[in-house]
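Here is the structure we will look at.
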Amino acid sequence: MLNEILTHHALEALRVLYGQEAAGDDLQIQKTRKEFEGDLTLVVFPYTRLSRKSPEDTGRQMGDYLLEHAGVFCRYNVVKGFLNLVVQDSWWLEYLEQNGGEYRPSGDVEPSRILIEFSSPNTNKPLHLGHIRNNLLGWSVSRILEAAGHEVYRVNLVNDRGIHICKSMLAWKRWGQGLTPEQCGKKGDHLVGDFYVLFDRHYKEEIATLVAEGMNEEEAARQAPLIQEAQAMLKAWEEGDEEVRNLWQMMNAWVYSGFEETYKRLGISFHKTYYESDTYLYGKELVGEGLKRGLLFQKEDGSVWIDLTDEGLDEKLLLRADGTSVYMTQDLGTAELRYAGYHPDRMVYVVGNEQNYHFDVLKKVLKRLEKNSATAIYHLSYGMVELPHGKMKSREGTVVDADALMDEMETTAREMTESLGKTAGSGAEEAQQLYRTVGLGALKYFILKVDPEKNMLFNPVESVDFDGNTGPFIQYTHARISSLMRKAEGIRVERKKEAVTMLPEEREVLILCHDADAVLKKAAAGMSPAHIANYLYELARAYNTFYQKIPVLKEEDADLRSFRLELSALCGRILKYYLDLLGIEAPERM
RNA sequence: GGUUCCGUAGCUCAGUGGAUAGAGCAACAGCCUUCUAAGCUGUGGGUCGCGCGUUCGAAUCGCGCCGGAAUCACCA
């Protein structure tokens, strides 16, 4: 709001003072640095050409004009080419009054309909740390887009069929002896994952045996009895073999109940879940249609390809010689199905950056097939989560399991809380809830504060802290404000505006609160929760500085006390609202 | 080799055309008889990978190098 006022009057100043027109986008407005007095700073270097005066003189002339006409500034100072403007106390008090109710972002964007796909797990193993980044990003981005005023649909595409699924099915059939999750007390996704690992172990042994008998490795990998049997199983599945289908349904059901638990714990949900087994055939129709129209071509063996060499890419396979589909075929199908179902302006795919090339190709193929979904697709690419020893490899046992990680976070939160002696006065259930909230808050914040595009390092032993720039720090600030509010019940009084003079620490909090809308806009435009996270930290820190230095309830002057309470309340509401955008809960006490 | 992304303090990360480049962690020194110390204040720590260019102004934009990651599968 301040930015708009300043922009409007600064342009006017340029017109009146120098007879020059400038565009609003050219104005450079920023928060005044702490070492100078002011709330907003206008960079006047660019206008020295228009004014034909020194930066200092230009700044002073514009400052005088703004003081007189904008009606919100009370002082200014010019340092080199920087015009630092001080907002009147009365304007801030007015602002506080207008934002006294529940916090709502301004949301002045062109609303659009957005479909966002994330999570997209395979049903052959439990979720791990990589999925956690995916899930948290997808969830948070969808919440940010909603808050910014868009219509958002969250969808999940479960990869529930394929050779990898058959591997765990086969292993269970062979060595499982009818074991169920109920019998062994294990989550279904973990149990199925165990058999997937078991398959791999036996498969490797078979290969080693064949190699020892003189076969080369590549051939052995193809000839091993286990893999052949798995392939036969996949074929039987595709032909609708009843026994295989039943086994498949039973084991997938185990996995889904396991996933359900993990999703619930992570606090995420979807509007719709697609299953690849339902949609994987549709892509073939698209390919067939494209072939008929001469947009694709067929090789001698009958496989279907697209030639993207004129776009700087290669020839890409779209259908195997035996008529079965590949990854790309399926994605073509789901893209079109979804587009037809929702008619979204944008279809966002939250998928790791290892698939940048795949999405590049996907867009180009759809474009070549003259499909509308081509322009709607947006790949929200994010970096890998690396461990101190390198990348996560499921086969080498270096994955960080999602459920185990959450357990660990809760345990750490409990130990931390107990060592701080903060458990007194709350029931066991309430305490458990707090450990969950704080532990997950730490994990979510740690992951979301990093720019999605960048790879990040996760050290299981020391990465997730509870001090400093962390989730618990922000949650703590919120709890602290909540405590103030509880104690303030009934002692609030009407205040007289003219009786309040603000201190720098108070102005700092106010200007950050005022910044909230702009931050949300930026986060929505860039689909980056990191902006929200870093903003939250700044706001919480500014509030803590204020809180530590300036009395609120203990202030004897009733007008000042009320003002500081209102300021605290607004800050608390914003912290809560923005934490929610990250999927983090804001506890009332901790 | 082609393409894409990344390189900022010992470590983890902000900052993406403006002022003397910022936080946290780790280290050190202070602050709880006072509204929640998961907090606050201070000290030390930098060739923003290297070079050239554009600009009144470059960590930020362009070009070239160096280093790292991903990808270029009839796996998904």
Side-chain angles (χ1 to χ4, degrees), chain A residues 28 30 32-36 41 43-46 48-49 55 79-82 84 120 122 124 159 161-165 276 299 301 303-305 312-314 316-322 324-328 330-331 352-358 360-361 381 383-384 386 390-391 413 416-417 419-420 422 438 442 446 449-451 453-459 462-477 479-488 530-531 533-535 537-538 540-541 543-555 561 564-565 568 589-590:
Chain A
Q28 290 181 50
Q30 52 193 265
T32 304
R33 289 192 153 229
K34 284 192 190 68
E35 54 270 40
F36 306 104
T41 295
V43 183
V44 300
F45 285 110
T48 51
R49 214 171 291 152
V79 182
K80 290 191 261 182
F82 300 92
N84 302 320
S120 306
N122 292 325
N124 63 333
N159 188 319
R161 58 161 291 280
I163 190 74
H164 51 300
I165 313 292
E276 205 186 275
K299 288 198 176 173
D301 62 358
S303 55
V304 182
W305 297 71
L313 302 176
D314 305 309
K316 296 293 297 182
L317 176 88
L318 297 182
L319 211 56
R320 294 194 187 98
D322 62 3
T324 57
S325 38
V326 290
Y327 182 35
M328 185 62 67
Q330 294 162 23
D331 264 9
N353 63 11
E354 57 199 351
Q355 292 195 29
N356 287 353
Y357 182 75
H358 172 78
D360 223 20
V361 174
S381 165
M384 299 288 99
E386 282 155 11
K391 257 199 86 173
M416 190 66 74
T417 308
S419 78
L420 287 168
K422 296 211 175 200
V438 174
F446 180 84
K449 77 172 175 182
V450 180
D451 180 352
E453 195 171 353
K454 290 184 177 169
N455 286 2
M456 63 178 293
L457 187 91
F458 185 87
N459 185 334
E462 54 191 51
S463 266
V464 183
D465 237 314
F466 289 71
D467 301 319
N469 187 357
T470 65
F473 171 86
I474 296 158
Q475 291 174 316
Y476 178 76
T477 308
R480 191 178 231 183
I481 292 172
S482 298
S483 169
L484 261 190
M485 293 304 135
R486 283 193 297 273
K487 293 196 168 139
H531 294 310
N534 290 307
Y535 166 74
Y537 176 64
E538 259 189 279
R541 203 162 56 100
Y543 183 82
N544 280 324
T545 303
F546 153 80
Y547 178 90
Q548 205 79 223
K549 193 167 170 184
I550 300 168
V552 180
L553 292 175
K554 299 209 165 154
E555 172 57 49
R561 190 170 61 227
R564 287 171 192 165
L565 272 170
S568 299
R589 29 188 126 220
M590 67 185 273

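Only a predicted model underlies this, so the values are computations on that prediction, with no experimental measurement involved. Throughout, a chain's letter reflects where its sequence line sits, starting with A, and its residues are numbered from 1. Side chains are part of it too, since the values below use all heavy atoms of this structure and drop only hydrogens, waters and symmetry mates.
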Is there a donor in the side chain of A/Asp465 and an acceptor in the side chain of A/Thr470, or the other way round, less than 3.5 Å apart?
->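 No, no side-chain donor-acceptor contact under 3.5 Å.
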Answer yes if the side chains of A/Asp331 and A/His358 hold a donor-acceptor pair under 3.5 Å, and no otherwise.
->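 There is such a pair (donor and acceptor under 3.5 Å, judged by atom type) between the side chains of A/Asp331 and A/His358.
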Heavy atoms, side chains only, cut-off 4.5 Å: are [X] and [Y] in contact?
{"X": "A/Gln330", "Y": "A/Ser325", "value": "yes"}
{"X": "A/Leu317", "Y": "A/Ser303", "value": "yes"}
{"X": "A/Val438", "Y": "A/Thr417", "value": "no"}
{"X": "A/Pro46", "Y": "A/Gln28", "value": "yes"}
{"X": "A/Val326", "Y": "A/Leu319", "value": "no"}
{"X": "A/Leu565", "Y": "A/Met485", "value": "yes"}

Pairing residues for A/Arg480 by the side chain to side chain donor-acceptor pair (under 3.5 Å) criterion, not counting sequence neighbours =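 Result, side chain to side chain donor-acceptor pair (under 3.5 Å) vs A/Arg480: A/Asn544.
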Quick one: list whatever passes side chain to side chain contact (heavy atoms under 4.5 Å, CB included) with A/Asp314, sequence neighbours left out.
->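 In terms of side chain to side chain contact (heavy atoms under 4.5 Å, CB included), with neighbours along the sequence ignored, A/Asp314 is linked to A/Tyr357.
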Could you tell me which residues satisfy side chain to side chain contact (heavy atoms under 4.5 Å, CB included) with A/Ala442, sequence neighbours excluded, listed by chain and number?
->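 Partners of A/Ala442 by the side chain to side chain contact (heavy atoms under 4.5 Å, CB included) criterion, ordered by chain and then number, come out as A/Met409, A/Val464, A/Phe466, A/Pro472.
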Would you say a side-chain N or O of A/Arg320 is under 4.0 Å from OP1 or OP2 of B/C75?
->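 Yes.
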Can you tell me if the side-chain N/O atoms of A/Tyr476 get under 4.0 Å from OP1 or OP2 in B/A38?
->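 Affirmative; the distance criterion is met.
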Heavy atoms under 4.0 Å is the rule here; annotate nucleotides 18-28 of chain B 5' to 3' with B where the base is hit, S where only the sugar-phosphate is, and - elsewhere.
-> BBS-SSSS---
Considering every strand and a 4.0 Å limit on heavy-atom distances, what is the contact class for [X]: base, sugar-phosphate, or nothing?
{"X": "A/Glu276", "answer": "sugar-phosphate"}
{"X": "A/Phe466", "answer": "base"}
{"X": "A/Ile550", "answer": "base"}
{"X": "A/Thr545", "answer": "sugar-phosphate"}
{"X": "A/Val552", "answer": "base"}

Starting at [atom1] of [X] and ending at [atom2] of [N], how long is that distance when rounded to a whole Å?
{"X": "A/Arg161", "N": "B/C75", "atom1": "CZ", "atom2": "C1'", "value": "12 Å"}
{"X": "A/Leu319", "N": "B/A73", "atom1": "CG", "atom2": "C1'", "value": "16 Å"}
{"X": "A/Met456", "N": "B/C11", "atom1": "CE", "atom2": "C1'", "value": "14 Å"}
{"X": "A/Phe546", "N": "B/A37", "atom1": "CZ", "atom2": "P", "value": "14 Å"}
{"X": "A/Glu386", "N": "B/U12", "atom1": "CD", "atom2": "C1'", "value": "13 Å"}
{"X": "A/Arg480", "N": "B/C35", "atom1": "CZ", "atom2": "P", "value": "10 Å"}
{"X": "A/Asn544", "N": "B/U36", "atom1": "CG", "atom2": "P", "value": "13 Å"}
{"X": "A/Leu457", "N": "B/A70", "atom1": "CG", "atom2": "P", "value": "14 Å"}

For the side chain of A/Arg589 and the backbone of A/Ala479, is there at least one donor-acceptor N/O pair under 3.5 Å apart?
->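 Between the backbone of A/Ala479 and the side chain of A/Arg589 there is no qualifying donor-acceptor contact (under 3.5 Å).
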Using the [atom1] atom in both, what is the distance from [N] to [M], to the nearest Å?
{"N": "B/A26", "M": "B/A69", "atom1": "C1'", "result": "27 Å"}
{"N": "B/G39", "M": "B/G15", "atom1": "C1'", "result": "25 Å"}
{"N": "B/A58", "M": "B/G17", "atom1": "P", "result": "14 Å"}
{"N": "B/C40", "M": "B/G24", "atom1": "C1'", "result": "15 Å"}
{"N": "B/G45", "M": "B/C25", "atom1": "C1'", "result": "13 Å"}
{"N": "B/A27", "M": "B/G10", "atom1": "C1'", "result": "11 Å"}
{"N": "B/C5", "M": "B/C63", "atom1": "P", "result": "11 Å"}
{"N": "B/G7", "M": "B/C13", "atom1": "P", "result": "11 Å"}

Tell me which nucleotide among [options] gets nearest to the side chain of [X].
{"X": "A/Asn455", "options": "B/U36, B/A38, B/A69", "value": "B/A69"}
{"X": "A/Lys316", "options": "B/A73, B/U36, B/A14", "value": "B/A73"}
{"X": "A/Asp301", "options": "B/C74, B/A37, B/A38", "value": "B/C74"}
{"X": "A/Gln548", "options": "B/A69, B/A38, B/C40", "value": "B/C40"}
{"X": "A/Lys487", "options": "B/C35, B/U71, B/A69", "value": "B/C35"}

Enumerate, in order of first residue number, the stems that involve RNA chain B, defined as 3 or more consecutive Watson-Crick or G-U wobble pairs with both distances under 3.5 Å.
->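 So far as stems of 3 or more pairs are concerned, RNA chain B shows B:1-7 with B:66-72, B:10-13 with B:22-25, B:27-31 with B:39-43, B:49-53 with B:61-65.
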In terms of the nearest nucleotide of RNA chain B, which residue is placed more toward the 5' end: A/Val326 or A/His531?
->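 Nearer the 5' end of the strand: A/His531.
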Tell me which of A/Gln330 and A/Thr417 sits closer to the 5' end of RNA chain B, going by the nucleotide each one is nearest to.
->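 Whichever sits nearer the 5' end wins; that is A/Thr417.
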Is the base of B/C5 syn or anti, where syn means the angle lies within 90° of 0?
->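 Anti.
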Has A/Lys299 got more than 12 heavy atoms of other residues, nucleotides or ligands less than 6.0 Å from its NZ?
->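 Correct, the count exceeds 12.
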Provide a list of protein-nucleic acid N or O atom pairs under 3.5 angstrom, restricted to nucleotides 1-5 of chain B.
{"from": "B/C5", "atom 1": "O3'", "to": "A/Glu453", "atom 2": "OE2", "distance (Å)": "2.9"}

Could one point to a donor on the side chain of A/Lys422 or the base of B/U36 with an acceptor on the other under 3.5 Å away?
->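 Present.
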Can A/Phe36 and A/Phe82 be said to form a ring-ring contact (aromatic ring centres under 6.0 Å, His included), step by step?
-> CA-CA 10 Å; A/Phe36 306 104; A/Phe82 300 92; 7.8 Å; no
Is the distance between the ring centroids of A/Tyr543 and A/Phe546 under 6.0 Å?
->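 Close enough - the centres of the two rings lie under 6.0 Å apart.
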